[in-house]
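Structure, as structure tokens:
As the structure is a computational prediction, the values presented were derived from the model and not from experiment.
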Amino acid sequence: MSDNGAVMSEETVRFCHGCGQALGEGTRYCGHCGALVENTALVRAAPAAGPGREVFCRACGRAINAMAPVCPGCGAPQSGNGGAAGEKSRVAAALLAIFLGGFGVHKFYLARPFQGILYLVFCWTFIPAIIGFIEGIAYLCMSDTGFARKYG
């Protein structure tokens, strides 16, 4: 039974307001984008695909989809789960920004080639090096989920 008194059936599904992915019953965080799930509307939909690839959350032990970047129940990041293709490393981006930020290497790594070219054009002023160092520290201070949402 849901919050509004409707009986949850296999055909009734809740969807994340942030990314539109289907949510399971009792979900507090979206398993796709990591957004906190507040009150979501119930929508009639086709039943979800079979159980298939499920793993257990590293923090709370709940059964979750193997490709989920965060646990829908507790919000804990799930590293080493096979990850999505093209996922960037926060630490690698930070190290590139700190040591090679003056040349914009971290911008090319993060698929921001226009910004990387700007860093290359102005590298002789040392301003990109200072900005790159600050960005590297910012990457290290950012959560994995926040970094993946912005650059993943």
Inset, instruction - Spell out, yes or no, whether F114 and V121 are grouped together once hydrophobic residues are joined by side-chain heavy atoms under 4.5 Å, including indirect joins. - result: yes
Inset, instruction - Write out all pairs satisfying salt bridge (charged side-chain N to carboxylate O under 4.0 Å, His left out) with one or both partners inside residues 139-152, taking only residues at least two apart or from two chains. - result: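 Found R90-D144.
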Legend entry - Y109, OH: over 12 other non-hydrogen atoms inside 6.0 angstrom: yes
Legend entry - F108 CZ: over 12 foreign heavy atoms closer than 6.0 Å: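 Result for CZ/F108: enclosed.
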Inset, instruction - Measure the shortest side-chain to side-chain distance between L95 and L100 over non-hydrogen atoms and say whether it is less than 4.5 angstrom. - result: no
For a quick test of your reading: what N or O donor-acceptor pairs under 3.5 Å do the side chains of residues 126-138 make, sequence neighbours left out?
{"residue": "E135", "atom": "OE1", "partner": "H106", "partner atom": "NE2", "Å": "2.6"}
{"residue": "E135", "atom": "OE1", "partner": "Y119", "partner atom": "OH", "Å": "3.0"}
{"residue": "E135", "atom": "OE2", "partner": "K107", "partner atom": "NZ", "Å": "3.1"}
{"residue": "E135", "atom": "OE2", "partner": "Y119", "partner atom": "OH", "Å": "3.2"}

Legend entry - F147: ring-ring contact (aromatic ring centres under 6.0 Å, His included) partners, not counting sequence neighbours: Y139, Y151
Legend entry - Test log, rule side chain to side chain contact (heavy atoms under 4.5 Å, CB included), inputs L110 and L96: CA-CA 10 Å; L110 295 173; L96 288 171; over 6 Å; no
